[in-house]
There are 2 protein chains.
Amino acid sequence: MSVGIRDVARAAGVSTATVSRALGRGPVSDALREQVEAAVRATGYRPNLSARRLRSQATQTIGLIVADIRNPFFTAVSRAVEDAAYQAGMRVILCNTDEDAEREALYLRLMQEERVTGVIFAPTRATAQAMRAGSLDFPVVLIDRSGPPGAHDSVVLDNAAASAALVDHLVAQGYARIGGVFGSTSSTAQERRAGYEAAMGRHGLEPAARACAPNALAAEAEAGRWLAEDGRPEALILSNGLMLMGAVRAARTLALPIPGALALAGFDNEPWTELLDPGLTVIEQPVAEIGAQAMSLLFDRLKSPDQPVRKVVLSGRTVLRGSTRKP
Amino acid sequence: MSVGIRDVARAAGVSTATVSRALGRGPVSDALREQVEAAVRATGYRPNLSARRLRSQATQTIGLIVADIRNPFFTAVSRAVEDAAYQAGMRVILCNTDEDAEREALYLRLMQEERVTGVIFAPTRATAQAMRAGSLDFPVVLIDRSGPPGAHDSVVLDNAAASAALVDHLVAQGYARIGGVFGSTSSTAQERRAGYEAAMGRHGLEPAARACAPNALAAEAEAGRWLAEDGRPEALILSNGLMLMGAVRAARTLALPIPGALALAGFDNEPWTELLDPGLTVIEQPVAEIGAQAMSLLFDRLKSPDQPVRKVVLSGRTVLRGSTRKP
DNA sequence: ATGATCACTGAAAACGTTTTCAGTCAGCTC
DNA sequence: GAGCTGACTGAAAACGTTTTCAGTGATCAT
């Protein structure tokens, strides 16, 4: 039924070893290589990757574990990762954890069984802390979020600086009661929160941070509650694109004009943030660069497993738009 | 180094066959199963999926080939597909073709080498036409776009009806010079165009359809050109979410108020379409359902390979918003 | 002419599982 | 007690490749 390397060998009148060498790299005379290629064409042979992977012990597979591919940030990063991977002749297995530690563990186990070459992972805080350096038998590159220093290579945003930039801008525009709503599951949200608090302190302002699940629904609820209180903030910073959308919704529901009654700023320069009127002030993350760098770190690590752990910190770009105009 | 099934067998004092049976389903006495499980825990054994796949000839892998995962429509569908797949104990290999026939062929070849169980595929028109029914040795389910009838299972939107609904609504609102910009690469865009033209005809109106690459940039350019012409349309229909965004941009650039100078409608109820002021009138596609149905069709096909080809046609939901208000 | 080197080739082992095949043993039926 | 059945078990044969190992013959330096 299925045509294997033996069939090709028979058709070409050579041994399977020669076929294998002719198709891969190996010393084969031009004449035989010709014959083999003809036989491949004639038989319609397609190598069986499972067999190849088993024998050569090189799966050429990398795992990509993110919270939710529907978050445009992860979508863009994963596209960059996939492009780089396929370019290098590797395939990608994508997994969504929904910020759930149990599923993270499940998928890490799966990666072991797949004998992946390496993994690119955006872990929750809990898992990042728990992951010891050498406990997995493949290298791991953390993206967007990092764990305890020195454990794994990582590529992250300079979150504190980015938050500070937003605060500085809002303060310069004359805002003082600046609140922040940050995700509760990731180290990144924590860093953004810390950066926000530090910057507020630097300006002699009282920080007011709240936390909720890093999605649109939770942020809409949290922001809605907050904005309905007495002494509600004049400006709000949200720690990712989904949450920013939730805040816009909440403001709409409460009929708070932006920036008239509420200034809004956040992370992730998604296309729609520019389309609103006024547009939203955001920190743009270099998404393609993050994905590409992650792959690059992974390849470097594979090449020299013992080199010191590297942490690539990329800067966000502050995109100023109407949502933070002077009140 | 790596612990294999032989190590477990030795530790448990049984044969590898028994270990295999204890871990999978097979007749094993409770006592031995216990021993094996203990040995697995003790050794930290993780099965090697490459070996398993090779021997059992069941890869438990499905391929998902889409144009671009960054298109929110495909993102949502792929998330649904992945959820269903992992639930059924299968992995997913994701590929982006960028509407390029060459890459489509490349990835289909890759799927053959992976010996995938099945493929879910959103092909360009060219490839859909060229794909003969039995030429691949795995079942294919087409999503979003379909090919020649009877060749492959598929799940698509009722595109003609959806387009017609938009036209009917615009006509009811008093618009007459209604233009359409449709993607140039997919059967789906063609169907949407046909539905648009038929509906215009039914209303005794002259259809005016143009085509461009189905992305935001191309649509912005095309719409921009058109809207700058004399006798520009009073209303525009765009054939997907990205193109709709392009049209919004073009209208902004030309300072055409929506719906004052231009009514806008399109496909894909992405979150941002509601956030604009006014919101955009769109056809919402049942994205999760599309993904789930595709997996379901695929499983059915695997169960009974010879059953007649099925085409699942889902209806879009018309979401009326301010962008198509009376002029 | 001899030995050494070189470039290529094929037979067979290996990769880590699952599955087949042939037992083995206990419990039953007659 | 002989023969059957049924439930379990282990040895060994796959699965389809790549890689090792041992040639083979040709070329080259001596």
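Any value given below was found using the heavy atoms of this structure, including those in side chains, with hydrogens, waters and symmetry copies removed. These figures come from a predicted structure and were not determined experimentally. So you know, we letter chains A, B, ... as the sequences are listed, proteins then strands, and number each from 1.
Taking for each of B:D30 and B:A51 the nucleotide of DNA chain D with the nearest heavy atom, the 5'-most of the two is the partner of B:D30. Judged by closest nucleotide on DNA chain D, B:L32 is the one of B:L32 and B:Q57 placed further toward the 5' end.
A rotation axis mapping the C1' atoms of four pairs onto the next four is fitted at both ends of the helix from C:dA1-D:dT30 to C:dC30-D:dG1 over five pairs, and the angle between these axes is 50° to 10 degrees.
Looking at A:D300 and A:Q307, their side chains never bring a donor and an acceptor atom within 3.5 Å of each other.
Residues passing the salt bridge (charged side-chain N to carboxylate O under 4.0 Å, His left out) test with A:D100, sequence neighbours excluded: none. Under the side-chain hydrogen bond (donor to acceptor under 3.5 Å, both in side chains) criterion, A:E113 pairs with B:R46, not counting sequence neighbours. With sequence neighbours left out, the ring pair (Phe, Tyr, Trp, His ring centres under 6.0 Å) criterion links B:Y107 to A:Y86.
A:T16 places no side-chain N or O within 3.5 Å of a backbone atom of A:A9 that could act as its donor or acceptor partner.
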Name the pairs: protein N/O against N/O of nucleotides 4-7 of chain C, kept only if under 3.5 Å.
none

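In this structure, B:S20 reaches the bases: a heavy-atom distance under 4.0 Å links it to at least one base atom across the strands shown. No engagement by A:L49 is indicated, since no non-hydrogen atom pair under 4.0 Å with the nucleic acid exists. Heavy atoms of B:R21 sit under 4.0 angstrom from at least one base atom.
For the pair B:D144 and B:S187, the minimum side-chain heavy-atom distance is 4.5 Å or more.
A:E82 has no carboxylate O lying under 4.0 Å from a charged side-chain N of B:R70, or vice versa, which leaves the two without a salt bridge. Using a 4.0 Å cut-off between a side-chain N of Lys or Arg and a carboxylate O of Asp or Glu, A:E114 and A:R91 qualify as a salt bridge.
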Exercise. Decide yes or no on side-chain contact (heavy atoms from CB on, under 4.5 Å) for A:D153 and A:L298, but give the supporting numbers first.
Key: CA-CA 8 Å; A:D153 294 316; A:L298 187 55; over 6 Å; no
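For B:Q129, the CD atom is densely surrounded, since the number of other residues' heavy atoms within 6.0 Å is greater than 12.
Of all nucleotides in DNA chain D having an atom under 4.0 Å from a heavy atom of chain A, the first and last in 5' to 3' order are D:dG16 to D:dT20.
Residues A:R125 and A:S184 approach most closely at NH2-O, 3.0 Å, considering heavy atoms.
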